[in-house]
**Student:** 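Mind having a look at this structure? Questions to follow.
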Amino acid sequence: MEPDPDSSPAYWCLVSPNPIPWLTSDKKLRLVHPAERALISYLFALVDNIYCPHPSGREINWEKTALALSDLFETFYSRCRIWGEVKKEDLCLAQARLGLLVVTQTLLRLVLQDFLGVFAPLEL
């Protein structure tokens with residue numbers, strides 16, 4: 001079942017084509033907190049595992065992968081505020097963190113549904 005973009009909050013941010021402000025004005029990555037960096041690093045490794053499998057053909061434990069991604073996201077979400085003061089003082093940082101949230105959600109859904117055959121709810 002496809003989500004309804006008019007009523008699904010997870011898709012509201014994707015309605016507008018405005019780019020996510022990943023970089024600062026001096027072209028440096030805006031997300032510098034250690035929890036952000038750890039999550040980003042894991043996301044890149046995950047994409048590599050999905051689209052560029054290891055040449056030795058080694059099997060990936062997708063359950064461990066999903067759990068690790070979930071744990072890293074939980075750490076990021078608990079340590080890196082998006083709303084409140086962050087949104088008021090640095091809107092671009094809040095938007096970049098929301099972008100990281102959307103990327104994580106997308107890849108976690110992919111792992112759950114495509115590699116583990118588990119339904120991934122749109123909202124919790």
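The first residue of the sequence shown is numbered 1, and numbering continues consecutively from there. Being a predicted model, the structure only gives us computed values, none of them experimental.
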**Student:** Between the side chain of Ser41 and the main-chain N/O of Ala38, is any donor-acceptor distance below 3.5 Å?
**Tutor:**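 Judged by distance alone, no pair lies under 3.5 Å.
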**Student:** Testing the basics here: between Leu112 and Ala120, what is the closest heavy-atom pair and its distance to 0.1 Å?
**Tutor:**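 Between these two residues, the closest heavy atoms are CD1-CB, 4.0 Å.
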**Student:** Keeping the roles fixed (side chain from Glu36, backbone from His33), state whether a donor-acceptor pair exists under 3.5 Å.
**Tutor:**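 At least one qualifying donor-acceptor pair exists.
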**Student:** According to a 4.5 Å side-chain heavy-atom criterion applied to Ile, Leu, Val, Met, Phe, Trp and Tyr, with indirect links allowed, do Phe44 and Leu31 form part of one hydrophobic cluster?
**Tutor:**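 Phe44 clusters together with Leu31.
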**Student:** Which atom names give the shortest non-hydrogen contact between Ile82 and Ala94, and what distance separates them?
**Tutor:**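 Reported closest heavy-atom pair: O-CB, 3.4 Å.
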**Student:** Donor-acceptor pair, distance only, cut-off 3.5 Å: does the side chain of Thr65 make one with the backbone of Asn61?
**Tutor:**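 Side chain of Thr65 to backbone of Asn61, a donor-acceptor pair under 3.5 Å: yes, one is there.
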**Student:** For side chain to side chain contact (heavy atoms under 4.5 Å, CB included), just list the numbers for Gln113 and Val118, CA-CA rounded to whole Å, side-chain angles, deciding distance to a tenth of an Å, and then say yes or no.
**Tutor:** CA-CA 5 Å; Gln113 291 182 203; Val118 176; over 6 Å; no
**Student:** Spell out, yes or no, whether Leu91 and Leu101 are grouped together once hydrophobic residues are joined by side-chain heavy atoms under 4.5 Å, including indirect joins.
**Tutor:**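 No; tracing contacts between hydrophobic side chains, which count when under 4.5 Å, never links both residues.
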**Student:** So do Leu43 and Leu100 actually touch side chain to side chain, heavy atoms under 4.5 Å?
**Tutor:**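 Side-chain contact under 4.5 Å: yes.
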**Student:** Looking only at non-hydrogen atoms, find the nearest pair between Cys92 and Pro21 and report the distance.
**Tutor:**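 Taking every non-hydrogen atom into account, O-CG, 3.5 Å.
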**Student:** Quick one: pull up CZ in Arg79 and CZ in Arg81 and give me the separation to the nearest 0.5 Å.
**Tutor:**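 These two atoms lie 11.0 Å from each other.
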**Student:** Just wondering, more than 12 heavy atoms not from Glu63 lying within 6.0 Å of its CD?
**Tutor:**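 No, CD of Glu63 has 12 or fewer neighbouring heavy atoms, counting only those of other groups under 6.0 Å.
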**Student:** Restricting to non-hydrogen atoms, name the atom on Leu107 and the atom on Leu69 that form the minimum distance, rounded to 0.1 Å.
**Tutor:**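 Looking at all heavy atoms of both residues, the shortest contact is C-CD2, 4.4 Å.
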**Student:** Give a yes or no on whether Phe119 and Leu110 share a hydrophobic cluster (residues Ile, Leu, Val, Met, Phe, Trp, Tyr; joining criterion: side-chain heavy atoms under 4.5 Å apart).
**Tutor:**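 Not linked; separate clusters.
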**Student:** Do Leu29 and Ile40 pass the side chain to side chain contact (heavy atoms under 4.5 Å, CB included) test, and can you show the C-alpha distance, the side-chain angles, and the key distance before you say yes or no?
**Tutor:** CA-CA 11 Å; Leu29 186 61; Ile40 291 168; 4.1 Å; yes
**Student:** Can you tell me if Arg30 uses its side chain to pair, donor with acceptor, with the backbone of Ala96 under 3.5 Å?
**Tutor:**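 Between the backbone of Ala96 and the side chain of Arg30 there is no qualifying donor-acceptor contact (under 3.5 Å).
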**Student:** Arg97 and Val86: side chain to side chain contact (heavy atoms under 4.5 Å, CB included), yes or no, with the steps?
**Tutor:** CA-CA 10 Å; Arg97 286 178 174 172; Val86 171; 4.0 Å; yes
**Student:** Any pair with a residue in residues 57-87 that passes ring pair (Phe, Tyr, Trp, His ring centres under 6.0 Å), sequence neighbours left out, goes on the list, sorted by first then second residue, please.
**Tutor:**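 Those involving residues 57-87 are Trp62-Phe115, Phe73-Phe76, Phe73-Tyr77.
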**Student:** Has Thr106 got a side-chain atom pairing as donor or acceptor with Val102's backbone, closer than 3.5 angstrom?
**Tutor:**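 Side chain of Thr106 to backbone of Val102: a pair is present.
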**Student:** Working to the nearest 0.5 angstrom, can you tell me the gap between Leu46 CG and Leu39 CG?
**Tutor:**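 Between Leu46 CG and Leu39 CG, I get 10.0 Å after rounding to 0.5 Å.
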**Student:** Is it possible for you to say whether Leu67 and Leu116 belong to one hydrophobic cluster, with membership spreading through side-chain heavy-atom contacts below 4.5 Å?
**Tutor:**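 Leu67 does not cluster with Leu116.
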**Student:** Do you know the tightest heavy-atom contact between Gly99 and Ile20?
**Tutor:**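 Smallest interatomic distance, heavy atoms only, reads CA-CD1, 3.6 Å.
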